[in-house]
Amino acid sequence: MRPGFLFANLICVLCLFASCASSKVVEGDGTVHAAPIIRASEFSQKYNMQLDFMKHHFSGLLIVKELPDHEIRILASTYFGLSLFDFSLRDEEFHVNSCIEPMKKKKILRLLETDFKNLFLNGKNIRIKKKNSTFEKRVTGRGFGKSVFYLSEFISGHPEQIKIKHPWLRLSIQLDKLKEKQD
């Protein structure tokens with residue numbers, strides 16, 4: 001009878017801690033439905049981007065902006081002006097406006113869709129593996145669809161550096177937030 005009483009108390013304490021937690025919803029398997037990693041705004045947000053795909057390496061800018069009709073526009077280009085991709089997100093709909101040929105494969109575009117939905121919309125099926133005040137590791141998917149998000153350098157609760165890795169596909173994206181000039 002005593003072990004059952006201790007177990008019931010432990011469950012009550014865990015429920016109490018869970019009810020005091022943040023706005024994340026955690027399911028029994030550790031899956032989290034979290035707020036977006038990056039909140040798009042009406043002002044352009046700029047990130048230094050390094051994209052490594054197989055033997056291709058691209059460096060450039062990622063520009064994100066929320067348009068008045070609640071469409072999130074995601075544009076990536078090299079520093080010399082070559083457009084890598086131009087995507088649109090509206091609710092759960094993902095649209096490819098343009099994309100370079102090496103990345104124009106259905107499975108790669110599906111992975112990028114999942115990654116950008118997890119970045120800019122509510123993250124679904126995310127498992128938080130490690131978390132402290134300066135670093136957070138999130139994982140979603142399995143096998144070839146596995147994505148690992150490394151978030152670091154938090155300022156006001158928002159990450160300044162984001163790394164997204166797809167270990168099976170040799171695809172990685174690193175985003176470093178650019179600071180706005182102070183006049």
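Note that these values count all heavy atoms, side chains included, but never hydrogens, waters or copies made by symmetry.
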Under a 4.5 Å cut-off applied to non-hydrogen side-chain atoms, are [X] and [Y] in contact?
{"X": "Gln50", "Y": "His57", "value": "yes"}
{"X": "Lys165", "Y": "Tyr150", "value": "yes"}
{"X": "His166", "Y": "Ile164", "value": "yes"}
{"X": "Leu61", "Y": "Asn48", "value": "yes"}
{"X": "Leu119", "Y": "Leu175", "value": "yes"}
{"X": "Leu84", "Y": "Met49", "value": "yes"}
{"X": "Phe149", "Y": "Ser147", "value": "yes"}
{"X": "Asp69", "Y": "Arg90", "value": "yes"}

Pairing residues for Arg110 by the salt bridge (charged side-chain N to carboxylate O under 4.0 Å, His left out) criterion, not counting sequence neighbours = none
Hey, quick one: are [X] and [Y] part of the same hydrophobic cluster, counting side-chain heavy atoms closer than 4.5 Å, chains of contacts allowed?
{"X": "Leu75", "Y": "Leu112", "result": "no"}
{"X": "Leu51", "Y": "Ile63", "result": "no"}
{"X": "Ile173", "Y": "Leu178", "result": "no"}
{"X": "Val96", "Y": "Ile100", "result": "yes"}

message = Quick one, Gln161 with Gln174, criterion side-chain contact (heavy atoms from CB on, under 4.5 Å). Give me CA distance, side-chain angles, the key distance, then yes/no.
response = CA-CA 7 Å; Gln161 185 177 67; Gln174 179 173 324; 3.2 Å; yes
inquiry  = Taking the basic N atoms (NZ, or NE/NH1/NH2) and the acidic carboxylate oxygens, is any pair closer than 4.0 Å for Glu153 and Lys177?
reply    = no
ask   = Taking NZ, NE, NH1 and NH2 as the nitrogens, is one of them in Asp52 or Arg170 under 4.0 Å from a carboxylate oxygen of the other?
value = no
request  = Report the C-alpha separation of Lys179 and Glu160 in whole Å, then their side-chain angles, then the decisive distance to 0.1 Å, and conclude whether the side-chain contact (heavy atoms from CB on, under 4.5 Å) test is met.
outcome  = CA-CA 9 Å; Lys179 307 287 187 236; Glu160 294 291 305; 2.9 Å; yes
request  = Would you please name every residue forming a side-chain contact (heavy atoms from CB on, under 4.5 Å) with Lys104, sequence neighbours left out?
outcome  = Cys99, Glu101
request  = Taking side-chain contact (heavy atoms from CB on, under 4.5 Å) as the test, write out the residues that go with Leu89, two or more places apart.
outcome  = Ile72, Ile74, Phe94, Phe116, Lys117, Phe120, Leu121
query = How long is the gap from CD on Glu93 to CD on Glu113, to the nearest 0.5 Å?
reply = 9.5 Å
ask   = CG/Leu62 to CD1/Ile162 distance, rounded to the nearest 0.5 angstrom?
value = 9.0 Å
task = Ignoring hydrogens and angles, tell me if any N or O in the side chain of Ser77 forms a donor-acceptor pair with the backbone of Gly81 under 3.5 Å.
result = no
ask   = Considering all heavy atoms of both residues, which atom of Thr78 and which atom of Phe58 are nearest to each other, and what is their separation?
value = CG2-CD2, 4.3 Å
task = Please test Arg73 against Glu66 for salt bridge (charged side-chain N to carboxylate O under 4.0 Å, His left out), starting from the C-alpha separation and ending with a verdict.
result = CA-CA 6 Å; Arg73 199 69 183 259; Glu66 184 174 8; over 6 Å; no
key: More than 12 heavy atoms from other groups under 6.0 Å of CZ on Phe80   = no
query = Does the side chain of Asp91 pick up a donor-acceptor pair with the side chain of His70 at under 3.5 Å?
reply = no
